[in-house]
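The block underneath contains the structure these notes are about, expressed in structure tokens.
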Amino acid sequence: MVVKCNRCGEVIRARVNLYHDLSMEFDETGKPIYFCRKVLIGEKHCFQRIEVELTYDANRRLLRKEINGGQFVKNNGVFVLEE
């Protein structure tokens, strides 16, 4: 995934391994879903924490994404979530 810091504008890349980084949970109907939370900090002088939460379905397809402290980077109008 590629995010941009709200404070300094630094672009940060991070990976989500769909087989090792996800935790299984169950939704309100009892179906399994996967959840991943990443806290990213850039390499420059700004140490703003960027918190990313991703939710995937049972087939590991992205259902929902949330970010605090930054924003997802778009490439040609599409959010970049490199997996």
Side-chain angles (χ1 to χ4, degrees):
M1 83 183 100
V2 182
V3 300
K4 181 178 179 181
C5 177
N6 281 343
R7 183 184 292 171
C8 70
E10 180 179 0
V11 175
I12 303 167
R13 293 182 178 272
R15 292 185 55 99
V16 175
N17 185 313
L18 296 179
Y19 295 98
H20 297 286
D21 292 344
L22 305 183
S23 300
M24 184 186 288
E25 295 181 353
F26 295 94
D27 66 8
E28 55 277 346
T29 64
K31 293 182 181 179
I33 59 172
Y34 292 94
F35 177 78
C36 178
R37 180 175 182 266
K38 297 263 185 181
V39 178
L40 308 173
I41 299 175
E43 295 179 349
K44 297 186 180 179
H45 299 298
C46 172
F47 295 104
Q48 170 77 21
R49 293 166 45 111
I50 301 170
E51 298 181 22
V52 178
E53 294 183 1
L54 305 169
T55 305
Y56 295 85
D57 68 7
N59 294 317
R60 294 181 170 89
R61 287 186 298 243
L62 186 66
L63 294 174
R64 184 174 56 104
K65 62 185 182 319
E66 293 182 17
I67 188 167
N68 289 317
Q71 54 190 313
F72 292 102
V73 173
K74 288 184 180 181
N75 184 10
N76 293 329
V78 177
F79 287 103
V80 180
L81 286 175
E82 300 169 341
E83 301 175 90

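For clarity, every value in this text was computed on a predicted model and none was experimentally measured.
- Taking SG from C5 and CD1 from I50, the interatomic distance works out to 4.5 Å, rounded to the nearest 0.5 Å.
- Looking at every heavy atom in both residues, G42 comes nearest to E10 through CA-OE1, 3.4 Å.
- Cation-pi geometry between K65 and F72 is satisfied (NZ or CZ under 6.0 Å from the ring centre, within 45° of the ring normal).
- Contact annotation: the side chain of K44 never approaches that of C46 to less than 4.5 Å [non-hydrogen atoms, C-beta and beyond].
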If you look only at distance, which donor and acceptor atoms sit under 3.5 Å apart when one is on a side chain in residues 18-25 and the other is two or more places apart or in another chain?
from : atom 1 : to  : atom 2 : distance (Å)
D21  : OD2    : N17 : N      : 2.8
D21  : OD2    : K38 : NZ     : 3.2

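- Contact check for L62 versus L54: side-chain heavy atoms found under the 4.5 Å cut-off.
- Once rounded to the nearest 0.5 Å, the distance linking CG of L63 with OH of Y34 reads 12.0 Å.
- Interatomic distance, CG of N68 versus CD of E53, reported as 7.0 Å (0.5 Å rounding).
- At a threshold of 4.0 Å, the pair R37-E51 counts as salt-bridged, since one of the basic side-chain nitrogens sits closer than that to a carboxylate oxygen.
- Note that the CG atom of N6 and the CD atom of Q71 stand 5.5 Å from one another [nearest 0.5 Å].
- Once rounded to the nearest 0.5 Å, the distance linking CZ of R61 with OG1 of T55 reads 14.5 Å.
- Between the NZ atom in K4 and the CD1 atom in I67 there is a gap of 12.0 Å [rounded to 0.5 Å].
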List the steps, then state whether side chain to side chain contact (heavy atoms under 4.5 Å, CB included) holds for V11 with V2.
CA-CA 7 Å; V11 175; V2 182; 3.4 Å; yes
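- Listed here is the closest heavy atom pair of V16 and Y56: CG1-OH, 3.9 Å.
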